[in-house]
Amino acid sequence: MRIGFFGGVREIGGNIILIEDKGSGIVFDFGRRFASSFTFFNNTIVGRPQKGFSDYTELGELPPFNSFYNTPKEVNNPLDIKIGGVFFSHAHLDHIGNINLIKEIMPKYMSKYSMSILKYFVQFGIIKNMPQNTNIIEDEITLGNFKVKPFFVDHDVPGAVAYIIETPKGTVIYTGDLYFQGIEKEKTLNFVSYAKSLKPYLLISEGTRIGWGGITSLTEDELQEEIIRCVITFKGLAIGNVYEPHISRILSFYKVARNLGRKLVMTETYAFALVELAIANNAIAKEIIDSKETFIYSSKKLLDDWEAPLKNKFVDANFVNTEQENIILLLNYTNIPELLDIKPKSGAIYIQSGGEPIANIDTHNTKIQENWINYFKMPFFRIHSPGHASEVEILNMVKEINPEILLPIHTQIPERFAMIFERTKILDKGNLYEF
Ligand SMILES: [Zn+2]
Ligand SMILES: [Zn+2]
């Protein structure tokens, strides 16, 4: 059996993992790299279309998979491996963002909430097209010599799974991204005890927060208390910037609004994500979107089809401007120019609670955001908690699961794992390792 890592090596995000046995392969995640990791290409310099994806595979930016890409031209010098399917751990762009590069007939598997969030990405052009042959995975499925089973874990997006892969060489476990302080932390704790009971051969573990030092985790309850303290101090409009798929954080702002007797107003991007999750029976999404105190902000005149059943919830800038002391407003980074119509009064505050810009790896956008907030003279608060296990939590998890071999990915400092776990293998990008 061979395993290759084509993304997420010495970087956070962009995960692409190939597991192969006797010429048949399966792939886990097909993520987009964060802009801070761009090496040869960016939004201006792109590969030459007439070469298919060969410019990318030649430079190690994409894996040289055969008969895999959504282009008639095969890549140069492809691996002689037939890939049977791609399994997505969760719907964050660094795991799912390049799904459109995969050819339509390739089977793709993800949880039902990941599918809801994929629809949100497509609706707002973040992912170009809804991919074909996308299947919901709930139970174990067999592909060639592999049996693949999803195991739900907590993360800052609903529907995140780890994968348990039965291979001819033993059990391989891929953690995906996970979190121990969220509202569904039981899932992650259950995963750890289950993974340990399997005595796995290989554990492929995320390590996002390795080396992040002083950043601590706050529970959602602690975050709510902090948000409430800020809102009651300044008394004006409270604007929260949250990532749309981060439903437990949206729930926190919803609870703050309920607690303070305020209305929760959100842009259409949040509403669409909630509607899709509610259709997939997500109880939290249903509660928030169905509440009489939840409203949708829009500056346009005509409603889309999905919005029509919610038409009584729609409010405009005038409503928010007049009612601002009674509103918690969820406004994402992209929609920040709406503030020109909303006209925040003195006492309005801006709370960064995840979402774009992504902290210190996104300095350019952080500066733009800062300029907007200063223009409106709003106090700025960063009230956030990362959706990943802390360094100590992840290292203890690894010791607890105790695999025969540990393979760290999605981390800038894989060596840190080797300090506490002897059987750690430090990976190079693009190599195929024999296991
Ligand atoms: Zn990730
Ligand atoms: Zn993630």
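One-based numbering, in listed order, for ligands and for the atoms of each. Just the heavy atoms: all of them, side chains too, but no hydrogens, waters or symmetry mates, feed the values below. Just so it is clear, the model here is predicted, and its values are computed rather than measured.
Summary: NE2 is the N/O/S atom of H410 found nearest to the Zn ion (ligand 1).
Around the Zn ion (ligand 2), protein N, O or S atoms at less than 2.8 Å comprise H90 NE2, H92 ND1, H155 NE2, D177 OD2.
A 4.5 Å side-chain heavy-atom check between D21 and T167 finds every atom pair outside the cut-off. Put simply, the side chain of R416 reaches to within 4.5 Å of the side chain of E391, judged on heavy atoms.
For E58, the CD atom counts as loosely surrounded, since its 6.0 Å shell holds 12 or fewer non-hydrogen atoms of other residues, nucleotides or ligands.
Taking the six-membered ring where the residue is Trp, Y201 and F435 present perpendicular rings, their angle passing 60° and hence far from 30°.
Figure legend: R382 and F380 shown without cation-pi pairing, the cationic atom not lying both under 6.0 angstrom from the six-membered ring centre and within 45 degrees of its axis.
Between Y113 and F152, the ring centre distance reaches or exceeds 6.0 Å.
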